[in-house]
Amino acid sequence: MLSEKGWKFRDGDSFQQIPCGLQGQGGKWGFGVRCARFFTSSDELETSSNLWMQPHSSCSVGIKILSLMAHGFSSEWETPINSQSSGLQILTCADCFHSLFPSQMMKFAWDNYKQYALGKNELRPLTKNGHIGNMFGGLRGATVIDALDTLYIMELEEEFQEAKQWVEKSFDLNVNGEASLFEVNIRYIGGLLATYYLTGEEVFKSKALELGEKLLPAFNTPTGIPRGVINLGSGMSWSWGWASAGSSILAEFGTLHLEFLHLSELSGNPVFAEKVMNIRRVLSRVEKPQGLYPNFLSPVTGSWVQHHVSIGGLGDSFYEYLIKSWLMSDKKDSEAKKMYDDALEAIEKHLVKKSAGGLTYIAEWRGGILDHKMGHLACFSGGMIALGAEHAAEERRQRHMELAAEITSTCHESYTRSDTKLGPEAFRFDAGSEAMATRLSERYYILRPEVVESYMYLWRLTHDPKYRHWGWEVVQALEKHCRVEAGFSGIRDVYTTTPSHDNMQQSFFLAETLKYLYLLFCEDDVLSLEDWVFNTEAHPLPINHTDFKAAAQP
């Protein structure tokens with residue numbers, strides 16, 4: 001079994017008296033085993049279908065590899081591991097890490113939420129209590145709904161059943177409060193629809209349809225463009241107080257299409273599809289400056305209120321929903337594809353820039369004046385552009401894949417240049433400077449997923465191993481700086497190693513960040529990219545409804 005390259009592992013191989021201490025380049029590491037039996041000379045110690053072998057100072061056991069799920073390798077693989085008197089020396093540690101770590105992190109996040117905040121919208125892990133907030137109009141359990149499909153995909157069956165039971169017995173839709181139309185749609189309706197398609201459980205479908213009905217009054221405007229805030233009890237709606245001249249926000253009314261088409265399909269009621277198709281009609285009529293879509297649109301006149309364009313906050317998921325609407329339609333929604341292609345062409349022409357240090361980024365546009373800023377939210381665009389490039393015409397495909405890789409690399413740099421190896425909320429490029437500049441108010445990290453989202457897409461489309469290495473760096477940083485006694489917490493300043501946490505375990509951390517890390521490291525046949533369409537909050541919507549459940553099984 002020992003060759004010049006080191007140990008060669010195959011399914012079914014057995015090893016006797018292997019020391020448990022594994023020495024890696026940076027210290028001691030474990031290595032991942034799926035379906036392994038650990039035994040002493042006479043007694044079997046443990047059988048596990050999903051187990052991580054941790055290093056120990058002094059123990060000696062045998063191990064039978066039933067199925068070894070390693071980073072980038074199939075069931076028969078070689079890795080440069082040499083036999084040493086002190087144990088096994090791993091020369092390339094990253095090749096041993098895989099999706100088990102994100103699933104363990106998910107279980108830890110869920111268990112603490114369940115213990116300290118079940119039924120509340122989010123967990124405050126430092127103070128060990130729940131947070132309700134005023135974003136969801138009195139709805140509770142945002143973390144439960146957001147986490148449902150992630151728990152299911154990761155095969156955390158007991159935890160999934162706990163979440164399902166809460167939905168069945170405790171999820172009350174008879175509330176009377178001010179809710180964000182956008183947030184209720186992506187977290188609650190998106191989460192319920194995703195889980196319905198994964199499981200076929202009627203409770204998720206019925207709750208999604210009932211909640212969808214409560215959002216319809218927001219569309220009662222002169223143009224049919226919905227306002228951003230709705231009272232889920234009375235149906236009254238209005239625009240955000242901070243939105244210029246009572247405008248609606250591009251990313252909010254542009255991030256309804258995927259879910260609302262499914263609500264019509266499942267209910268047989270065309271009204272949901274009609275509402276979002278009308279949004280398309282309004283956007284097709286309005287003149288677009290330089291081909292760009294500004295972020296603020298009047299729901300009364302159907303005209304732009306400000307010429308501020310951003311691929312990050314206020315704009316981001318509108319573009320994502322265009323390419324994914326086309327994919328979800330089995331590539332028949334040609335209007336969505338043309339809108340996406342035209343928008344990306346304008347973005348390339350007017351917003352894509354390169355810093356003095358050679359980093360490609362997407363600037364913001366304010367009435368023709370560029371703001372050389374890129375937010376963490378905009379870092380999803382590397383994955384989006386790569387996904388679109390996969391289906392682009394030949395003359396565009398290579399250029400867009402290169403652009404996607406360059407943007408993702410820039411976002412990676414925002415992580416690797418910080419002391420914590422986690423990225424700030426935003427970063428800037430000053431004229432003539434090779435460095436990224438970050439304002440003090442933009443240095444926080446709240447467990448956001450957009451960077452690892454792009455890693456996941458780029459890995460699955462290119463199989464370039466660097467994206468997995470970068471993802472593992474994020475896992476390590478989250479464990480070191482965000483994991484606390486009772487969950488995961490954000491960081492106030494990524495440029496200091498002094499512990500300084502924001503007291504919140506965001507629901508999207510379970511819904512997206514950990515899910516993307518899992519999909520980045522799991523075996524390719526667990527979930528095919530072609531079988532999934534993700535919205536901005538990472539909830540899957542099927543291209544093929546009939547085959548979807550089977551495709552999601554490991």
Side-chain angles (χ1 to χ4, degrees), residues 250-251 254-255 257-258 261 280 283-284 288 290-293 309-312 315-354 359-363 365 374 377-412 450-464 466-467 516 519-520 524 527-536 538 540-544 551:
L250 180 68
T255 309
H257 199 97
L258 298 178
L261 257 59
R280 287 263 190 95
L283 289 176
S284 67
K288 287 161 280 291
Q290 306 294 327
L292 297 167
Y293 287 84
V309 177
S310 169
I311 311 306
D316 50 6
S317 46
F318 162 69
Y319 306 95
E320 182 180 10
Y321 267 44
L322 290 176
I323 188 62
K324 291 175 181 177
S325 293
W326 178 69
L327 289 171
M328 192 179 75
S329 72
D330 197 21
K331 305 176 184 178
K332 293 182 173 63
D333 187 352
S334 57
E335 180 182 43
K337 182 65 161 56
K338 185 178 188 310
M339 289 174 70
Y340 172 81
D341 287 341
D342 291 348
L344 185 55
E345 182 178 352
I347 289 166
E348 281 188 280
K349 183 176 180 180
H350 299 289
L351 305 185
V352 173
K353 300 297 175 183
K354 194 176 287 286
L359 297 178
T360 300
Y361 62 98
I362 303 179
W365 190 82
M374 190 167 177
L377 285 166
C379 285
F380 88 96
S381 60
M384 177 190 72
I385 293 169
L387 181 63
E390 181 74 3
H391 305 279
E394 186 63 36
E395 66 273 13
R396 282 183 154 197
R397 185 176 304 144
Q398 183 176 353
R399 184 175 87 250
H400 285 177
M401 282 302 299
E402 290 174 356
L403 176 61
E406 289 175 7
I407 290 170
T408 302
S409 179
T410 297
C411 293
H412 170 66
E450 290 78 19
V451 172
V452 294
E453 175 181 2
S454 286
Y455 293 169
M456 186 276 291
Y457 276 109
L458 268 295
W459 158 254
R460 285 180 167 258
L461 292 170
T462 70
H463 284 84
D464 186 332
K466 71 183 177 187
Y467 298 114
Y516 285 134
L519 295 176
L520 175 63
D524 285 353
L527 294 170
S528 167
L529 194 58
E530 285 297 321
D531 292 326
W532 288 78
V533 175
F534 294 89
N535 73 19
T536 188
L541 294 168
I543 296 173
N544 185 323

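Judged as a salt bridge (charged side-chain N to carboxylate O under 4.0 Å, His left out), and not counting sequence neighbours, Lys349 has no contacts. For Tyr340, there are no ring-ring contact (aromatic ring centres under 6.0 Å, His included) partners, not counting sequence neighbours. Listed by chain and number, the residues in a ring-ring contact (aromatic ring centres under 6.0 Å, His included) with His257 amount to none (sequence neighbours excluded). For Ser310, the side chain to side chain donor-acceptor pair (under 3.5 Å) partners at least two apart in sequence or on another chain are Glu364. When the side chain to side chain contact (heavy atoms under 4.5 Å, CB included) test is applied to Leu377, the partners found at least two apart in sequence or on another chain are Asp316, Arg448, Glu450. Partners of Asp342 according to the side chain to side chain donor-acceptor pair (under 3.5 Å) rule, which considers only residues two or more places apart in sequence or in another chain, are Lys338. Residues meeting the side chain to side chain donor-acceptor pair (under 3.5 Å) test with Asp333, sequence neighbours left out: Arg280. A search for ring-ring contact (aromatic ring centres under 6.0 Å, His included) contacts involving Trp326 returns His391, not counting sequence neighbours. Residues passing the side chain to side chain donor-acceptor pair (under 3.5 Å) test with Lys466: none are found, sequence neighbours excluded. With sequence neighbours left out, Glu394 forms a salt bridge (charged side-chain N to carboxylate O under 4.0 Å, His left out) with Arg397. By the side chain to side chain contact (heavy atoms under 4.5 Å, CB included) test, Ala378 is found to be paired with Met374, residues two or more places apart in sequence or in another chain being considered. Residues passing the ring-ring contact (aromatic ring centres under 6.0 Å, His included) test with Tyr293 are Phe318, sequence neighbours excluded.
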Pair Leu351-Tyr361, side-chain contact (heavy atoms from CB on, under 4.5 Å): steps then yes or no: CA-CA 8 Å; Leu351 305 185; Tyr361 62 98; over 6 Å; no
Criterion side-chain contact (heavy atoms from CB on, under 4.5 Å) on Leu520 and Arg460, from CA distance to verdict: CA-CA 7 Å; Leu520 175 63; Arg460 285 180 167 258; over 6 Å; no
Intermediate values then yes/no, salt bridge (charged side-chain N to carboxylate O under 4.0 Å, His left out), Arg396 and Glu345: CA-CA 10 Å; Arg396 282 183 154 197; Glu345 182 178 352; 3.6 Å; yes
side-chain contact (heavy atoms from CB on, under 4.5 Å) assessment of Arg399 paired with Glu348: CA-CA 11 Å; Arg399 184 175 87 250; Glu348 281 188 280; 3.0 Å; yes
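Residues Leu359 and Lys354 have side chains not in contact (no heavy-atom distance under 4.5 Å, counting atoms from C-beta outward). Between Tyr319 and Ile347 there is a side-chain heavy-atom pair separated by less than 4.5 Å. Taking 4.5 Å as the limit, some side-chain heavy atom of Leu327 sits within range of a side-chain heavy atom of Leu387. Counting heavy atoms from C-beta on, the side chains of His400 and Glu390 never come closer than 4.5 Å. Within the 4.5 Å cutoff, side-chain heavy atoms of Thr462 are placed close to those of Met401. Using a 4.5 Å cut-off on side-chain heavy atoms (C-beta onward), His412 and Tyr455 make contact. Side-chain contact between Lys288 and Met339 is absent, with no heavy-atom pair separated by less than 4.5 Å. Considering only heavy atoms from C-beta on, Cys379 stays 4.5 Å or farther from Ile407 through its side chain.
Once rounded to the nearest 0.5 Å, the distance linking CD1 of Ile362 with NZ of Lys353 reads 12.0 Å. Distance check: Asp464 CG to Trp459 CH2 gives 8.0 Å after rounding to the nearest 0.5 Å. Note that CE of Met384 is 7.5 Å distant from CD of Glu320, once rounded to the nearest 0.5 Å. Atom CG of residue Asp341 and atom CD1 of residue Ile323 lie 6.5 Å apart, to the nearest 0.5 angstrom. Separating the OG1 atom in Thr408 from the CE atom in Met456 is a distance of 11.5 Å, to the nearest 0.5 Å. Here Ser409 contributes atom OG and Leu458 contributes atom CG; the two are 10.0 Å apart, rounded to the nearest 0.5 Å.
Here the closest non-hydrogen pair linking Ala251 and Ser317 is O-OG, 3.5 Å. For the residue pair Ser325 and Leu258, the shortest heavy atom distance occurs at OG-CD2, 3.5 Å. Between Ile311 and Ser381, the closest heavy-atom pair is CG2-CB, 4.2 Å. Residues Ala404 and Ala386 approach most closely at CB-N, 3.5 Å, considering heavy atoms.
Within a 6.0 Å sphere centred on CD of Glu402, heavy atoms belonging to other residues, nucleotides or ligands number more than 12.
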